[in-house]
Amino acid sequence: PQYTTAVEKARSSEALTLMSSIRNAAERYRLQKDEWPTSFNMLDVEIPKVPGSSSYGGKNFTLTMGAPRGATGNTFVIVASRNITKDKYALKTVMVEDATTGTISATRCCVSSSSLTASCVSFMTRGVEKYCSAITSGKNSDF
């Protein structure tokens, strides 16, 4: 079990690196255009496609991004989803622009839902919890 979680933590670094690039590019786009990007093609960084698929991501994760349904125009979410046999978890970056100051803050979390919601609160199954705990060093958010 320790080996499995150590390997999963190493694999998650690929997703976290891609998510950081997307976050910075999405923030630049927002500041330039006064709107969030609606596709990876709009970003000024190249995001790889999942081998053999039209989805974006890497060898271990599938990436999605967008404004959460029903959210105000100041929220943007980046999700890296990971399927492991019967378990599934997602790493999320939730970006929120302060309407008064224009500053953008971001929170990262590991959750069991891969939906584009702005929530970092999610019920976790035992299998998912162990992966998230390994990746985030026991924290749920801001890792």
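Hydrogens, waters and symmetry mates play no part in the numbers below; they use all other heavy atoms, side chains included.
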In the structure I gave you, are the side-chain heavy atoms of [X] and [Y] within less than 4.5 Å of one another anywhere?
X     : Y      : answer
Ser20 : Arg108 : yes
Val96 : Ile104 : no
Thr64 : Leu116 : yes
Leu91 : Leu16  : yes
Pro51 : Lys59  : no
Met65 : Pro37  : yes

First locate atom [atom1] of [X], then atom [atom2] of [Y], and finally report the distance between them rounded to the nearest 0.5 Å.
X      : Y     : atom1 : atom2 : value
Ser114 : Leu63 : OG    : CG    : 11.5 Å
Glu27  : Leu43 : CD    : CG    : 12.5 Å
Asn60  : Ser81 : CG    : OG    : 12.5 Å

Problem - side-chain hydrogen bond (donor to acceptor under 3.5 Å, both in side chains) assessment of Tyr3 paired with Glu8 - result: CA-CA 9 Å; Tyr3 173 77; Glu8 198 60 34; over 6 Å; no
Compare every heavy atom of [Y] with every heavy atom of [X], then report the nearest pair and how far apart it is.
X      : Y     : result
Ala90  : Val79 : CB-CG1, 3.8 Å
Phe76  : Ala26 : CE2-CB, 3.8 Å
Ala106 : Thr93 : CB-CG2, 4.2 Å

If hydrophobic clusters are built from ILVMFWY residues whose side chains come within less than 4.5 Å, do [X] and [Y] share one?
X     : Y     : value
Ile78 : Ile47 : yes
Met42 : Ile22 : no
Val77 : Tyr89 : no
Met19 : Phe61 : yes
Trp36 : Tyr29 : no

Problem - Step-by-step side-chain contact (heavy atoms from CB on, under 4.5 Å) determination, Asp44 to Arg28 - result: CA-CA 9 Å; Asp44 60 3; Arg28 284 190 300 274; 2.7 Å; yes
Exercise for the section: Would you confirm whether Lys92, through its side chain, and Thr117, through its main-chain N or O, come within 3.5 Å as a donor-acceptor pair? Expected result: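 It does hold such a pair.
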Practice task
Please check if the side chain of Ser12 supplies one atom and the backbone of Lys9 the other of a donor-acceptor pair under 3.5 Å.
Solution key: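 Indeed, once roles are kept as given, a pair shorter than 3.5 Å links the two residues.
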Practice task
In sequence, state the C-alpha distance, the side-chain angles, and the governing distance for Glu97 and Arg30, and then conclude on salt bridge (Lys or Arg N to Asp or Glu O under 4.0 Å).
Solution key: CA-CA 9 Å; Glu97 181 182 24; Arg30 173 74 177 172; 2.5 Å; yes
